[in-house]
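Fair warning: this is a prediction, and the values are worked out from it, not measured in the lab. So you know, we letter chains A, B, ... as the sequences are listed, proteins then strands, and number each from 1.
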Amino acid sequence: MTSITLAPGLTYYPDYLDRQAQEELLQSLRDITREAPLFTPRMPRTGKPFSVRMTNCGPLGWVSDVEGYRYQPTHPETGRPWPAMPDQVLRTWEELSEYPHPPDACLVNFYEPSARMGLHQDKDEEEFAAPVVSLSLGDTALFRYGGLDRKDPTKSIRLRSGDAIVFGGPARLIYHGIDRLMTGSSDLLPQGGRLNLTLRKVGKPL
DNA sequence: TAGTCGCA
DNA sequence: CGGA
């Protein structure tokens, strides 16, 4: 397995999932979105919608609305519990996280060709000792990452379908985001677009 | 402050 | 980019 250190604690695994594994994961995500439909998150206070739509699997899911960012055990629109995390996702966490407990949450972000995600930190968890593990499927995305301060200089790399990235240690709280997609760069998703999974341990281990 | 916009 |  190839790994590239982009910055201390930030590790990039190009082509972590082969085509067969990507298709298997895509089928799991179809099952998940049927049970837990994609919803449009909104900014706290202003209520401005994100361009990305999302859902979750696992015991907890990340949601955002006018009330704020939070993790909760149920879908914000259906009120039902999130679907279980696929075994394939749990195995990825076991292999890449170097953390001795399973993740609590798997956020699934769906990017239409025009969707973007501004520079932000993943900091709504309690357990920063656990890394964030990210998987990309579908169209290539221009991923931008910086430092712990929002105004720190940033670098960009292209994330392709099947790539994985791990934010751990000193990189656990770095600012990052998605500037744009390269439409038509993958034929995994028939309609185009990109799916991103982010696995997180939310609470401190019992 | 996980968005949007204006300006260099 | 930086401001709000």
Side-chain angles (χ1 to χ4, degrees), chain A residues 6-7 9-10 12 29 32-33 36-77 82 85 89 103-128 130-159 163-168 170-183 193-203:
Chain A
L6 299 172
L10 185 64
Y12 170 49
L29 293 175
I32 286 164
T33 55
L38 292 168
F39 62 93
T40 300
R42 293 180 174 274
M43 291 297 288
R45 185 177 186 83
T46 65
K48 287 182 180 175
F50 288 36
S51 58
V52 170
R53 289 187 296 155
M54 48 183 68
T55 187
N56 292 269
C57 59
L60 290 174
W62 188 87
V63 301
S64 178
D65 58 24
V66 288
E67 303 297 317
Y69 304 147
R70 63 193 176 276
Y71 284 94
Q72 63 180 46
T74 56
H75 191 287
E77 293 174 356
W82 303 107
M85 249 183 253
V89 168
D104 295 317
C106 174
L107 173 61
V108 179
N109 287 326
F110 176 68
Y111 293 77
E112 296 181 40
S114 64
R116 296 172 294 110
M117 179 75 81
L119 213 57
H120 69 281
Q121 294 173 296
D122 289 16
K123 61 175 184 186
D124 300 314
E125 303 76 29
E126 298 174 358
E127 179 54 316
F128 295 131
V132 173
V133 174
S134 163
L135 289 171
S136 296
L137 288 179
D139 283 337
T140 299
L142 190 60
F143 172 76
R144 189 153 59 96
Y145 61 94
L148 299 178
D149 195 309
R150 192 153 208 227
K151 60 183 184 297
D152 286 340
T154 60
K155 295 181 177 178
S156 294
I157 63 166
R158 292 175 175 208
L159 292 181
D163 290 351
I165 196 158
V166 178
F167 303 75
R172 173 63 182 76
L173 290 168
I174 63 167
Y175 277 88
H176 60 282
I178 294 294
D179 284 340
R180 65 187 180 87
L181 300 194
M182 332 288 270
T183 56
R194 171 176 187 261
L195 285 160
N196 180 66
L197 316 210
T198 49
L199 318 184
R200 305 182 178 110
K201 180 80 185 76
V202 177

request  = For Arg150(A), report the nucleic acid contact type (base, sugar-phosphate, nothing); a contact means any heavy atom under 4.0 Å.
outcome  = base
task = Verify the distance criterion only: is there a donor paired with an acceptor across the side chains of Asn196(A) and Tyr111(A) at less than 3.5 Å?
result = no
message = Checking base pairs now: Watson-Crick or wobble, both atom distances under 3.5 Å. What partners dA8(B)?
response = none
message = Closest approach to the side chain of Thr154(A), judged atom by atom: which nucleotide of dA2(B), dC1(C), dG2(C) is it?
response = dC1(C)
ask   = Hey, is Arg200(A) close enough to Asp124(A) for a salt bridge, meaning N to O under 4.0 Å?
value = no
inquiry  = Measure CG/Leu119(A) against C1'/dG3(B) and give the value in whole Å, please.
reply    = 12 Å
request  = Give the rounded distance in Å between these two atoms: NZ of Lys151(A) and C1' of dT1(B).
outcome  = 14 Å
ask   = Does Val202(A) offer a backbone N or O that forms a donor-acceptor pair with the side chain of Asp104(A) under 3.5 Å?
value = yes
query = Could you give the CZ-to-C1' distance, from Arg200(A) to dA2(B), as a whole number of Å?
reply = 9 Å
query = NA contact type, Met117(A), heavy-atom cut-off 4.0 Å: base, sugar-phosphate, or nothing?
reply = base
inquiry  = Looking at dT1(B), which nucleotide sits across from it as a Watson-Crick or G-U wobble partner, both distances under 3.5 angstrom, or is there none?
reply    = none
message = If you take any heavy atom closer than 4.0 Å to DNA chain B, which residues from residues 53-75 of chain A end up in contact?
response = Trp62(A), Tyr69(A)
message = Regarding Asp152(A), tell me which of base, sugar-phosphate or nothing describes its non-hydrogen contacts under 4.0 Å with the strands shown.
response = nothing
query = Does any N or O in the side chain of His120(A) come within less than 3.5 Å of the main-chain N or O of His176(A), such that one atom is a donor and the other an acceptor?
reply = yes
key: No-hydrogen, no-angle side-chain donor-acceptor test under 3.5 Å, Trp62(A) and Asn56(A)   = no
key: Between dA2(B) (C1') and Phe143(A) (CZ): distance, integer Å   = 13 Å
ask   = Taking CZ from Arg42(A) and C1' from dT4(B), how many angstroms apart are they, rounded to a whole number?
value = 15 Å
ask   = Ignoring hydrogens and geometry, is there a side-chain-to-backbone donor-acceptor pair from Arg180(A) to Ile178(A) under 3.5 Å?
value = no
query = Salt-bridged, Arg172(A) to Glu125(A), with N to O below 4.0 Å?
reply = yes
Lys48(A), nearest nucleotide to its side chain (from dA2(B), dC1(C), dT4(B)) = dT4(B)
inquiry  = Could you tell me how far dT4(B) sits from dA8(B) if I compare only their P atoms? Round to whole Å.
reply    = 23 Å
Distance in angstrom units between His120(A) NE2 and dT4(B) P, rounded = 14 Å
remark   = Rounded to whole Å, the CZ-P distance (Arg45(A) to dT4(B)) equals 17 Å
request  = Would you kindly give the CG-to-C1' distance between Asn196(A) and dA2(B), to the nearest whole Å?
outcome  = 12 Å
Sugar-phosphate only, base, or nothing, as touched by Pro49(A) at under 4.0 Å among non-hydrogen atoms = sugar-phosphate
